[in-house]
Each structure stands twice: as C-alpha cells, then as structure tokens.
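Here the structure is laid out as structure tokens; the discussion comes afterwards.
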Amino acid sequence: MRLVLFDLDNTLVDRAEGVRRWAWEFCAEHRLGGEDAKWLVAADRDGLEPREAFFTAVRERFALHETVPELLEDFHERHPALIPVAPGVRGGLPRLRAAGWRIGVVTNGDAAQQLATLVCTGLAGQVDGWAISAHEGFGKPDRRLFEIAAGRCEVPLKGGWMVGDSAAADITGGRAAGLHTVWVDRGRRWLEDDGAPDHVVGDAAGAIELLLR
C-alpha cells in the first residue's frame with residue numbers, strides 16, 4: 001500500500017471560498033454591506049489570523065452585542081457547512097484508493113471545526129485516517145503529526161507523499177518527515193529559501209492525477 005497525506009484547508013477543500021460565503025452571510029445577518037464582507041475576508045488573512053483576535057476585531061469594528069466566545073462558536077458551527085470540496089477531489093480520491101493508495105489528512109486548526117469540515121464535506125468517508133493539530137497537541141511541521149496520520153492509515157510514513165498549499169507546514173514539514181512533497185501553489189510562486197517541493201501543481205486534482213501516473 002502506498003501512502004499520501006493531504007492538507008485540508010485550501011487543498012482538499014476551498015476554505016477561502018467558505019470564508020467568503022460566511023462573510024456575506026454574516027453581513028446579511030448583521031445588516032452590513034459589501035465592503036464589510038471584503039474587510040472580513042481580508043482580516044481573516046487566509047486563516048492565519050488567530051480566531052480570538054479576529055473576532056475581537058470584528059466585534060469592535062461593528063459594535064456587536066455578541067461576545068467573542070459567542071461569535072467564535074457561531075463561526076465554528078456555520079463555517080464548515082459553507083466550505084466546498086475542491087474541484088476534482090470528490091471523484092479523484094476514490095480513484096486513488098482503487099489504485100492502492102491509503103489516504104490521510106494532516107491539518108492544523110481547531111479540532112471540532114476541522115472534524116466538522118471533514119464530516120460536512122463527506123471527505124471523512126473518503127479517507128483512511130486523519131490527524132488534527134489541536135486534538136493531538138502539536139501541529140505541522142512537527143513530524144509527529146505526520147506519523148500519527150500514517151499510523152491511522154496503517155501504512156509506514158517513510159516513502160509516502162505529502163500534498164499541501166503551505167510551504168512551511170506541508171512542504172518543509174513533509175520533507176523533514178521523509179515524505180515526497182507536492183506543493184499546491186494556488187497561483188503563487190515558490191519564494192522560500194529552503195528546498196523546493198518535488199512537484200508543483202495548481203490544485204489537489206492536479207496532485208491526484210500526478211500520483212495516479
């Protein structure tokens with residue numbers, strides 16, 4: 001059996017589109033405008049802004065009566081339902097499994113939200129195991145998270161593949177864990193001083209086709 005580990009956000013699923021949908025829904029609920037939705041998307045920083053800091057800024061900017069924990073809870077409940085699966089993934093993963101690949105997910109983030117994303121998108125039933133940073137107590141690029149995912153897929157880590165959009169977490173981390181790497185560039189250039197990935201693709205569907213070849 002061959003092993004491939006995938007990142008979740010903006011690799012298997014389009015988290016960025018989910019945030020855009022959430023922002024417009026949030027603005028409609030709070031009677032805010034289009035520019036406010038754009039501000040929310042920008043302030044999210046592609047998921048890099050810490051959640052409590054993000055919702056503290058949201059609460060202050062729009063003078064909301066909800067507390068930060070309440071806003072955060074609503075986001076964690078609603079956002080996973082709005083995230084679409086990346087094109088080509090839903091049909092591609094079964095092809096990988098039929099070709100003898102074991103498929104794992106290695107993701108940083110809130111345990112409940114990431115699990116909800118896997119369940120809401122249906123991906124939980126299309127992969128063999130996953131490791132979520134908040135649940136395990138450490139995150140990518142820590143080798144241990146890759147090892148846990150491989151163990152849950154019941155395949156050795158050595159010689160496997162890592163596919164993801166983060167240069168540091170997925171590519172540098174994956175290479176340090178002894179994995180071959182595929183970078184999902186999302187239209188970006190590789191700017192890291194560290195070693196380049198083994199392959200570069202535009203999206204997860206491209207990575208799946210590469211592995212099948």
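Throughout, numbering of the chain's residues begins at 1 and tracks the sequence. Because only heavy atoms are used, hydrogens play no part in the values below, and waters and symmetry mates are left out as well, while side chains stay in.
With rounding to the nearest 0.5 Å, the separation of OG1 in Thr117 from CG in Asp9 is 6.5 Å. Once rounded to the nearest 0.5 Å, the distance linking SG of Cys153 with CG of Leu3 reads 5.5 Å. Here the straight-line distance linking atom OG1 of Thr56 with atom CD of Glu49 works out to 9.5 Å at 0.5 Å rounding. To the nearest 0.5 Å, atom CD of residue Glu70 and atom CZ of residue Arg59 are 8.5 Å apart. With values rounded to the nearest 0.5 angstrom, Arg21 atom CZ is found 10.0 Å from Arg78 atom CZ.
Criterion: ILVMFWY side-chain heavy atoms under 4.5 Å apart, direct or through other members. Under it, Met1 and Val163 are not part of a common hydrophobic cluster. Grouping the Ile, Leu, Val, Met, Phe, Trp and Tyr side chains by contacts below 4.5 angstrom, directly or via other members, places Leu179 apart from Trp130. Grouping the Ile, Leu, Val, Met, Phe, Trp and Tyr side chains by contacts below 4.5 angstrom, directly or via other members, places Val184 with Leu123. The same ILVMFWY cluster, assembled from side-chain heavy atoms under 4.5 Å apart, contains both Leu12 and Val119. Linking ILVMFWY residues whenever their side-chain heavy atoms come closer than 4.5 Å, directly or via other members, leaves Phe146 and Val105 in distinct clusters.
In terms of heavy-atom proximity, Ala207 sits nearest to Val182 at CB-CG1, 4.0 Å. In terms of heavy-atom proximity, Ala149 sits nearest to Leu5 at CB-CD2, 3.9 Å. Of all heavy-atom pairs spanning Ala37 and Cys27, the tightest one is N-SG, 3.4 Å. Considering all non-hydrogen atoms of both residues, Ile132 and Ala111 come closest at CG2-CA, 3.7 Å. Closest heavy-atom contact between Gly164 and Ile171: O-CD1, 4.2 Å. When every heavy atom of Arg2 is checked against every heavy atom of Ala99, the shortest pair comes out as NH2-O, 2.8 Å.
In this view, Phe62 and Trp39 satisfy the ring pair (Phe, Tyr, Trp, His ring centres under 6.0 Å) rule, not counting sequence neighbours. With sequence neighbours excluded, the residues that form a ring pair (Phe, Tyr, Trp, His ring centres under 6.0 Å) with His199 are Trp161. Every residue two or more places apart in sequence or in another chain was checked for a salt bridge (Lys or Arg N to Asp or Glu O under 4.0 Å) with Asp185, and none qualifies.
By the 4.0 Å N-to-carboxylate-O rule, Arg175 lies too far from Asp170 to be salt-bridged with it. By the 4.0 Å N-to-carboxylate-O rule, Arg20 lies close enough to Glu17 to be salt-bridged with it. A salt bridge links Asp44 with Arg51: at least one charged nitrogen is closer than 4.0 Å to a carboxylate oxygen. Between Arg15 and Asp165 no salt bridge is recorded (no basic side-chain N to carboxylate O distance below 4.0 Å). Salt-bridge formation is not detected for the pair Glu136/Arg144: no Lys NZ or Arg NE/NH1/NH2 atom is positioned less than 4.0 Å from an Asp or Glu carboxylate oxygen.
A donor-acceptor pair is defined here as one N or O able to donate and one able to accept, closer than 3.5 Å; no such pair exists between the side chain of Thr107 and the backbone of Leu8. Under a 3.5 Å cut-off, the side chain of Asn10 and the backbone N or O of Ala16 do form a donor-acceptor pair. Using a distance-only test at 3.5 Å, with no hydrogens or angles considered, no donor-acceptor pair links the side chain of Arg152 to the main chain of Gly104. Counting only distance, with no hydrogens or angles, the side chain of Lys158 and the backbone of Gly178 share no donor-acceptor pair below 3.5 Å. Within the 3.5 Å criterion, the main-chain N or O of Leu118 finds a donor-acceptor partner in the side chain of Thr121. Asp36 places a side-chain N or O within donor-acceptor distance of the main-chain N or O of Gly33, the cut-off being under 3.5 Å.
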Criterion side chain to side chain contact (heavy atoms under 4.5 Å, CB included) on Trp183 and Arg188, from CA distance to verdict
CA-CA 10 Å; Trp183 186 48; Arg188 302 164 296 169; 3.6 Å; yes
So Asp46 and Arg186, salt bridge (charged side-chain N to carboxylate O under 4.0 Å, His left out) or not? Walk me through it.
CA-CA 12 Å; Asp46 208 20; Arg186 299 171 61 203; 3.0 Å; yes
Between Leu71 and Thr67, does the side chain to side chain contact (heavy atoms under 4.5 Å, CB included) criterion hold? Intermediate values first, please.
CA-CA 6 Å; Leu71 291 169; Thr67 66; over 6 Å; no
Before you tell me yes or no, could you show the steps for Gln126 and Ile103 under side chain to side chain contact (heavy atoms under 4.5 Å, CB included), namely the whole-Å CA-CA distance, both residues' side-chain angles and the distance that decides it to 0.1 Å?
CA-CA 8 Å; Gln126 291 194 297; Ile103 303 169; over 6 Å; no
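The shortest distance between side-chain heavy atoms of Ser133 and Lys140 does not fall below 4.5 Å. Leu72 is listed as a side-chain neighbour of His76, based on a closest heavy-atom distance under 4.5 Å. Side-chain contact between Val200 and Trp190 is absent, with no heavy atoms from C-beta onward closer than 4.5 Å. Counting heavy atoms from C-beta on, the side chains of Pro141 and Thr172 never come closer than 4.5 Å.
In the displayed structure, Arg45 atom CZ is contacted under 6.0 Å by more than 12 heavy atoms of other residues, nucleotides or ligands. By the neighbour-count criterion of 12 heavy atoms within 6.0 Å, atom NE2 of His180 is densely surrounded, having more than that number from other residues, nucleotides or ligands. Residue Glu25 qualifies as enclosed at atom CD: its count of foreign heavy atoms under 6.0 Å is above 12.
Listed by first and then second residue, the salt bridge (charged side-chain N to carboxylate O under 4.0 Å, His left out) pairs that reach into residues 99-119 are Arg102-Asp128, Arg102-Glu154, sequence neighbours excluded. Counting only residues at least two apart or on different chains, the salt bridge (charged side-chain N to carboxylate O under 4.0 Å, His left out) pairs with a member in residues 198-213 are Arg95-Glu209. Note on residues 3-37: pairs passing ring pair (Phe, Tyr, Trp, His ring centres under 6.0 Å), not counting sequence neighbours, are Trp22-Phe26, Trp22-Phe55, Trp22-Phe75, Phe26-His30.
Between the side chains of Gln114 and Asn108, no donor-acceptor pair is found at a separation under 3.5 Å.
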